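Some notes on the structure that comes next.
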Protein chains: 2
Amino acid sequence: MLHVAIVEDDPDIRESLALLINGTPGYSCTQTYGSCEKGVKGILKDPPDIILMDIELPGISGIEGIKILKEKMPELDILVLTILSDHKIVFEALCAGACGYLMKDTPPAQLLEALQETRDGGAPMSTRIARMVVQSFQITPQTSLTARETEVLTHLCKGKSYKMIADSLFISEETVRRHIKNIYRKLEVHSKSEAVAKAFKEKLVNL
Amino acid sequence: MLHVAIVEDDPDIRESLALLINGTPGYSCTQTYGSCEKGVKGILKDPPDIILMDIELPGISGIEGIKILKEKMPELDILVLTILSDHKIVFEALCAGACGYLMKDTPPAQLLEALQETRDGGAPMSTRIARMVVQSFQITPQTSLTARETEVLTHLCKGKSYKMIADSLFISEETVRRHIKNIYRKLEVHSKSEAVAKAFKEKLVNL
DNA sequence: AAAGATATAACCCTTATGAGGTATTTTTTG
DNA sequence: CAAAAAATACCTCATAAGGGTTATATCTTT
């Protein structure tokens, strides 16, 4: 029996989800909550197998709720079920510890499949969300940097000093300095740490 | 009609996949290749809707193949279909531009579903792969950094100077210096850029 | 061949950073 | 409560980093 908890403020949606789950053999939903505050309390007391968590909730948001729950019980499987598909929200939820992300327009059959997939160690995501997630690995490197500059930036991202880079590339430290000046201008940054941060965030280098 | 191309060195697998696809209404596979070299040439000449790409291939690897194809035709949808589920390979493939990642033990019905899902703008992944991908967003707080040190590190990762951090946290620059000394010792690094690089690579901070 | 981009190198000057040591107050924890 | 851990703060010193300027050789591309 797969025990599911629901955190969802809309009573209609909450009840239909519970009915769907309880009406399916092998699935059971004995816990439903209208807010994160109540949900966190109840879930910690009696941990279910999977949690269906809304994001937009009165009081504490679902994202904060995920953080709190995962902090206390890292093994919990929390599936986001929401109408929001905003880039920022999706990644905040996944970073907070959600193990999947479903849109509320998911048909009942697929929702049940998603619960099973979660139980099987998967990470169910709605079509559009999955593509967002995969594309996040592919952020196109802006080609304003020259090959040599990219090479220098790569060394910066390994934490090397000007001198070490000069030695690695068999050029003078002054030339490294010049390349770095150009890199800073193009990336609109003013320090190594800013450049490294930007390089990582925008995937400008292949480490 | 969904046109699928296959790049797969095993002739048996290649042919059964083609048979499966051609035997399904709405799907067609008129291009199959035994190597990346041949695949790239043929695909660029006559682009299909979706490519099923193996990773382990004689000559150029599937990952290199994805890079070459995506460079020339960024709109191509390339699905990886392989027996490998090594962490490194999975993320290399996704970074190279794969839009999904399936294991070779995927049942035929699910494979066809995955093709349709790709056409619909999704990113089909096998259960285990999806979980790996989602987990890659989650922070690993395995460090011995204190809360305050993590806070300082977060500011470092935004490219801030000692002075700016001091102002943000309402402490003296000397205290910032002290925290950073401790951070460097714990992370075993010796410069801001190294610390930032390590923080990003090991997801020590929430940005 | 001319024009433009790129890679190379040097100089000066100021500030930021990293490494060393020491010490007090606050918070956490056993 | 006492001990330990964490956060706070200061000092000095050498070096690394960043900003400005100029210049030449080597490629690309038109």
Side-chain angles (χ1 to χ4, degrees), chain A residues 68 71-72 140-202 204-207, chain B residues 71-72 139-202 204-207:
Chain A
I68 294 168
E71 174 130 2
K72 311 257 188 186
T140 326
Q142 58 169 98
T143 47
S144 63
L145 294 186
T146 68
R148 197 58 156 171
E149 284 163 1
T150 302
E151 209 170 345
V152 171
L153 182 58
T154 304
H155 283 284
L156 281 188
C157 289
K158 289 174 180 162
K160 296 200 183 180
S161 67
Y162 289 12
K163 170 127 196 55
M164 292 161 80
I165 297 173
D167 289 347
S168 296
L169 299 181
F170 305 104
I171 55 180
S172 92
E173 202 177 319
E174 286 301 330
T175 306
V176 173
R177 193 182 299 276
R178 156 70 31 218
H179 284 310
I180 288 178
K181 278 177 193 171
N182 289 332
I183 292 168
Y184 286 5
R185 181 172 40 75
K186 291 179 182 178
L187 299 187
E188 296 175 290
V189 300
H190 303 92
S191 70
K192 270 167 71 164
S193 54
E194 261 189 291
V196 172
K198 189 149 193 170
F200 271 95
K201 274 191 286 195
E202 307 196 1
L204 304 178
V205 293
N206 282 318
L207 289 189
Chain B
E71 174 130 0
K72 311 256 187 188
I139 290 185
T140 41
Q142 105 293 338
T143 36
S144 45
L145 294 187
T146 68
R148 196 57 155 172
E149 284 163 0
T150 301
E151 209 170 346
V152 171
L153 182 59
T154 303
H155 284 285
L156 282 188
C157 289
K158 289 175 179 162
K160 296 200 183 182
S161 67
Y162 288 14
K163 170 127 194 55
M164 291 161 82
I165 296 173
D167 291 347
S168 296
L169 300 181
F170 304 105
I171 56 180
S172 93
E173 201 177 320
E174 286 301 328
T175 305
V176 173
R177 194 183 298 276
R178 159 64 42 207
H179 284 310
I180 288 178
K181 277 179 198 172
N182 290 331
I183 291 168
Y184 287 4
R185 181 173 40 75
K186 290 179 182 178
L187 298 186
E188 297 175 291
V189 299
H190 305 280
S191 69
K192 269 168 72 166
S193 52
E194 261 190 292
V196 172
K198 189 150 193 168
F200 271 94
K201 274 191 285 197
E202 307 196 2
L204 304 177
V205 295
N206 251 323
L207 285 189

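As the structure is a prediction and not an experimental result, all values here were calculated from the model. Order of the sequence lines sets the chain letters (A, B, ...), proteins ahead of strands, with each chain counted from 1.
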If only side-chain N and O atoms of Y184(A) are considered, is one of them under 4.0 Å from the OP1 or OP2 phosphate oxygen of dG18(D)? yes
Nucleotide dA16(C), atom P - distance to NZ of K160(B) in whole Å: 16 Å
Spacing of R148(A) atom CZ relative to dT26(D) atom P, expressed in whole Å: 15 Å
Approximate separation, where rounding is to 0.5 Å, of E194(B) CD and K160(A) NZ: 10.5 Å
Just one of T146(A), L153(A), I171(A) clears the side-chain contact (heavy atoms from CB on, under 4.5 Å) bar with H179(A), so which one? I171(A)
Rounded to whole angstroms, how far apart are CD1 on I165(B) and C1' on dA7(D)? 15 Å
Test item: T175(B) and L169(B) side chains (from C-beta on) under 4.5 Å apart, heavy atoms: no
Please report, rounded to the nearest Å, how far the P atom of dA16(D) is from the OH atom of Y162(B). 14 Å
Distance-only, no hydrogens or angles: does the Y184(A) side chain make a donor-acceptor pair with backbone N or O of K192(A) under 3.5 Å? yes
Here the residues of residues 190-197 of chain A within 4.0 Å heavy-atom distance, strictly under, of DNA chain D are H190(A), S191(A), K192(A)
Quick check on dT15(C): is either OP1 or OP2 less than 4.0 Å from any side-chain nitrogen or oxygen of S161(B)? no
Side chain to side chain contact (heavy atoms under 4.5 Å, CB included) between I183(B) and L145(B), worked out: CA-CA 7 Å; I183(B) 291 168; L145(B) 294 187; 4.3 Å; yes
So, taking the atom named CE in M164(A) and the one named CG in L156(A), what distance separates them when rounded to the nearest 0.5 Å? 11.0 Å
Integer-rounded Å distance: dA17(D) C1' and L153(A) CG: 16 Å
With no hydrogens and no angle check, is any side-chain donor or acceptor of K186(A) less than 3.5 Å from a backbone partner on S144(A)? yes
Can you list the steps and then say if R178(B) with E174(B) is a salt bridge (Lys or Arg N to Asp or Glu O under 4.0 Å)? CA-CA 6 Å; R178(B) 159 64 42 207; E174(B) 286 301 328; over 6 Å; no
Sort me out a list of protein N/O and nucleotides 9-11 of chain D N/O pairs below 3.5 Å, or just none if empty.
| from | atom 1 | to | atom 2 | distance (Å) |
| --- | --- | --- | --- | --- |
| dA9(D) | OP2 | S172(B) | N | 2.5 |
| dA9(D) | OP2 | T175(B) | OG1 | 3.1 |
| dA9(D) | N6 | R178(B) | NE | 3.4 |
| dC11(D) | N4 | E174(B) | OE1 | 3.2 |

Atom CD1 of I180(B) and atom P of dA19(C): how far apart are they, to the nearest Å? 11 Å
Taking CE from M164(B) and C1' from dT15(C), how many angstroms apart are they, rounded to a whole number? 14 Å
Output yes when a side-chain donor or acceptor of E202(A) lies under 3.5 Å from a complementary backbone atom of K198(A), and no otherwise. no
Separation of dG18(C) atom P from E188(B) atom CD, nearest Å, is 17 Å
